[in-house]
Asks: 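Encoded as structure tokens, here's the structure I'll be asking about.
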Amino acid sequence: APETVAALIEDAKTLFDATPELEVTLEANPTSVEAGRLHQFRQAGVNRVSLGIQALDNRALSFLGREHSAAQARAALETARNLFPRLTFDLIYARPEQTLTAWREELTTALQLADDHLSLYQLTIEPGTRFEALHRQGAFTLPDDETAAALYNATAELTQAHGMAAYEVSNYARPGCESQHNLTYWRYSDYLGIGPGAHGRLSFANTLLATRRHRAPEPWAERVEQSGTGQTSAEELAPQERAQEMLLMGLRVQEGIDLHRFYTRTGLQLDDAVDQTILAQALQEGYLTRTPRTLSATADGRLRLEALLAALVL
């Protein structure tokens, strides 16, 4: 509820020093119920809203299992643009039977509705999901690799023409409008995960803890009432585990990884955390770029990032 959001923000400001440019992002669905409360969320202190649009096509929304229509999505976007200083929403592409022409038209419309940020994800099939079962049964097929690559390249082209840079594999923003909380994760900085199912990374001296809260809301709330926290685990991460996580996250962003910070954060030099043969090949083939200070993926490298990381990271 909006009053709960207001209370959470107020509590956080009593526990931490709030910076003048504090970013407070709320994720919301564009259903009529949640869209109707956007004004109250703004009054509660939220200054950036992220809407789970996913598609601007009713047939695609039905396939994705979304409860809103394309018309509701547009209406929610218009409302949000008039209320919040910053706005972002997500779309999923490389959907079954989606053509390059259709995606270009849908993304062009989205860019006209966008403000300063977009998250554009390629549809993937996760194990154990309903989509995975349907895909295995042949209920639908995804675009082949060549088509998926063309969709990705068209995404970069159209967003760039609209003044949005691909600062991360699936995220596009005008300069200075990048998501601050997401950059925290990708840069492998400390963050607190407090609510149900939330993960966190907290450093103390030379120790980095991976924390986790109970996933289900009811048991989480019971733990909070009983012991003051819904935390279920706090595990110390070994240097190699830190290196793996920092590589997996840091190579997603265009800026790449600061190699000095990589050492201070993980306790390992880069060369001790990657397959040297794969690294040399990736540099030679133009998938990675290395300077004395940074390691980053090129545009071609980000296109192949999942396979590249699987081979590169020890």
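All values below were derived from every heavy atom in this structure, side-chain atoms included, with hydrogens, water molecules and symmetry-related copies excluded. We count residues from 1, following the sequence as given.
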Asks: More than 12 heavy atoms of other residues, nucleotides or ligands under 6.0 Å from CD of E132: is that the case?
Replies: yes
Asks: Exactly one of L314, V274, T266 should register a side-chain contact (heavy atoms from CB on, under 4.5 Å) with L247. Which one does?
Replies: V274
Asks: Are Y167 and L87 connected in the hydrophobic side-chain network, where two residues link if heavy atoms are under 4.5 Å apart?
Replies: no
Asks: If you take all heavy atoms of Q254 and S296, which pair is closest and at what distance?
Replies: O-CB, 3.9 Å
Asks: Between T211 and E235, does a side-chain contact (heavy atoms from CB on, under 4.5 Å) hold up when you go through it step by step?
Replies: CA-CA 6 Å; T211 64; E235 300 176 1; over 6 Å; no
Asks: Any luck finding a side-chain donor-acceptor pair between T25 and R48 under 3.5 Å?
Replies: yes
Asks: Is the ring centre of H39 less than 6.0 Å from the ring centre of F84?
Replies: no
Asks: With distance as the sole test, does R66 use its side chain to make a donor-acceptor pair with the main-chain N or O of P30 at under 3.5 Å?
Replies: no
Asks: Strictly distance-based, threshold 3.5 Å: is any side-chain N or O of H162 a donor or acceptor partner for the main-chain N or O of M164?
Replies: no
Asks: Give a yes or no on whether the backbone of E3 and the side-chain of Q40 come within a donor-acceptor separation of less than 3.5 Å.
Replies: no
Asks: Does the gap between the ring centers of F140 and H135 come in under 6.0 Å?
Replies: yes
Asks: Taking side chain as C-beta onward, heavy atoms only, is L259 less than 4.5 Å from R293?
Replies: no
Asks: Return yes when atom CD of E146 has more than 12 non-hydrogen atoms of other residues, nucleotides or ligands closer than 6.0 Å, and no otherwise.
Replies: no
Asks: Set out, in order, the CA-CA distance, both residues' side-chain angles and the distance that settles side-chain contact (heavy atoms from CB on, under 4.5 Å) for L120 and D90, then state yes or no.
Replies: CA-CA 6 Å; L120 304 169; D90 66 311; over 6 Å; no
Asks: Flag yes if I92 and L118 sit in one hydrophobic cluster, no otherwise; membership is Ile, Leu, Val, Met, Phe, Trp, Tyr, and two members link when side-chain heavy atoms are under 4.5 Å apart.
Replies: no
Asks: Can L8 be reached from V24 by stepping across I, L, V, M, F, W or Y side chains whose heavy atoms are under 4.5 Å apart?
Replies: no
Asks: If I compare all heavy atoms of F41 with all of V5, which pair ends up nearest, and what's the gap?
Replies: CE2-CG2, 3.8 Å
Asks: With no hydrogens and no angle check, is any side-chain donor or acceptor of T129 less than 3.5 Å from a backbone partner on I125?
Replies: no
Asks: Check this for me: does any side-chain nitrogen of one of E157 and R104 sit under 4.0 Å from a carboxylate oxygen of the other?
Replies: yes
Asks: Kindly check if the number of other-residue, nucleotide or ligand heavy atoms within 6.0 Å of CD (E27) is above 12?
Replies: no
Asks: Do the side chain of N153 and the main chain of A149 share a donor and acceptor less than 3.5 angstrom apart?
Replies: yes
Asks: Measuring only between side-chain heavy atoms, which start at C-beta, is L51 closer than 4.5 Å to N29?
Replies: no
Asks: Considering residues at least two apart in sequence or located in another chain, which fulfil the salt bridge (charged side-chain N to carboxylate O under 4.0 Å, His left out) criterion with D116?
Replies: R86
Asks: Just by modelled atom types, is the A238 backbone N or O under 3.5 Å from a matching donor or acceptor in the Q240 side chain?
Replies: no
Asks: Atom CZ of residue position R261 - does it have more than 12 heavy atoms of other residues, nucleotides or ligands inside 6.0 Å?
Replies: yes
Asks: Would you confirm whether T298, through its side chain, and Y287, through its main-chain N or O, come within 3.5 Å as a donor-acceptor pair?
Replies: yes
Asks: Who pairs with R252 by salt bridge (charged side-chain N to carboxylate O under 4.0 Å, His left out), at least two apart in sequence or on another chain?
Replies: E168
Asks: Would you compute the distance between atom CG of L279 and atom CG of L270 and round it to the nearest 0.5 angstrom?
Replies: 6.0 Å
Asks: Considering non-hydrogen atoms only, spot the tightest contact between P143 and A94 and give its length.
Replies: CD-O, 3.3 Å
Asks: L295 and W186: same hydrophobic cluster, using ILVMFWY side-chain contacts below 4.5 Å?
Replies: no
Asks: Would you check if there is a donor-acceptor pair between the side chains of W103 and T155 at a distance under 3.5 Å?
Replies: yes
Asks: Out of curiosity, R59 CZ to L64 CG, how far, rounded to the nearest 0.5 Å?
Replies: 12.0 Å
Asks: Taking everything shown except D145 itself, do over 12 heavy atoms lie less than 6.0 Å from its CG?
Replies: no
Asks: When you compare the side chain of L61 with that of H68, does any pair of heavy atoms fall below 4.5 Å?
Replies: yes
Asks: Using side-chain heavy atoms (C-beta onward) and a distance below 4.5 Å, is N58 in contact with F63?
Replies: no
Asks: Under the side-chain contact (heavy atoms from CB on, under 4.5 Å) rule, what do T159 and L111 come out as? Steps first, then yes or no, please.
Replies: CA-CA 7 Å; T159 51; L111 288 165; 4.2 Å; yes
Asks: Say whether Y188 and E245, considering side chains only, have a donor N or O and an acceptor N or O under 3.5 Å apart.
Replies: yes
Asks: Counting neighbours of CD on Q180 that are heavy atoms of other residues, nucleotides or ligands and sit closer than 6.0 Å, is the number greater than 12?
Replies: yes
Asks: Within the 4.5 Å heavy-atom criterion, are T232 and R215 side-chain neighbours or not?
Replies: no
Asks: Got a salt bridge between R265 and D190, using NZ or NE/NH1/NH2 to carboxylate O under 4.0 Å?
Replies: yes
Asks: Looking at Q231, is its backbone amide N or carbonyl O close enough to the side chain of R212 to form a donor-acceptor pair, meaning the two atoms are under 3.5 Å apart?
Replies: no
Asks: For a quick test of reading the model, state the closest non-hydrogen atom pair linking A150 to L100 and the distance between them.
Replies: O-CD1, 3.8 Å
Asks: Ring centroids only, cut at 6.0 angstrom: are Y185 and Y191 within range, meaning strictly under it?
Replies: yes
Asks: If hydrophobic clusters are built from ILVMFWY residues whose side chains come within less than 4.5 Å, do L251 and M249 share one?
Replies: no
Asks: Should R304 and E285 count as an ion pair when the cut-off is N to O under 4.0 Å?
Replies: no
Asks: Verify the neighbour count for atom CZ of R37: are there more than 12 heavy atoms of other residues, nucleotides or ligands below 6.0 Å?
Replies: yes
Asks: Give a yes or no on whether E67 atom CD has more than 12 heavy-atom contacts from other residues, nucleotides or ligands under 6.0 Å away.
Replies: no
Asks: After noting the C-alpha distance and the side-chain angles of L283 and T289, does the key distance pass the side-chain contact (heavy atoms from CB on, under 4.5 Å) rule?
Replies: CA-CA 6 Å; L283 291 169; T289 300; 5.5 Å; no
Asks: Are any of the side-chain heavy atoms of R174 and D115 separated by less than 4.5 Å?
Replies: no
Asks: Can you tell me how far apart NE2 (H117) and OG (S179) are? Round to the nearest 0.5 Å.
Replies: 5.5 Å
Asks: Is a side-chain donor-acceptor pair under 3.5 Å present for D144 with T147?
Replies: yes
Asks: Is there a side-chain contact between Y152 and R302, using heavy atoms and a 4.5 Å cut-off?
Replies: yes
Asks: Looking at N47 and P85, what are the two nearest heavy atoms and their distance?
Replies: O-CD, 3.3 Å
Asks: Are Q72 and S32 packed together at the side-chain level, in the sense that at least one heavy-atom pair is separated by less than 4.5 angstrom?
Replies: yes
Asks: Do the side chain of E225 and the main chain of E222 share a donor and acceptor less than 3.5 angstrom apart?
Replies: no
Asks: Any idea which heavy atoms bring R201 and A210 closest together, and the distance?
Replies: NH1-CB, 3.4 Å
Asks: Going from CE on M246 to CZ on F262, what distance comes out if it is rounded to the nearest 0.5 angstrom?
Replies: 7.0 Å
Asks: Could you state the interatomic distance from CG (L208) to OG (S203), rounded to the nearest 0.5 Å?
Replies: 6.0 Å
Asks: So how far is it from E306 CD to Q122 CD, rounded to the nearest 0.5 Å?
Replies: 9.5 Å
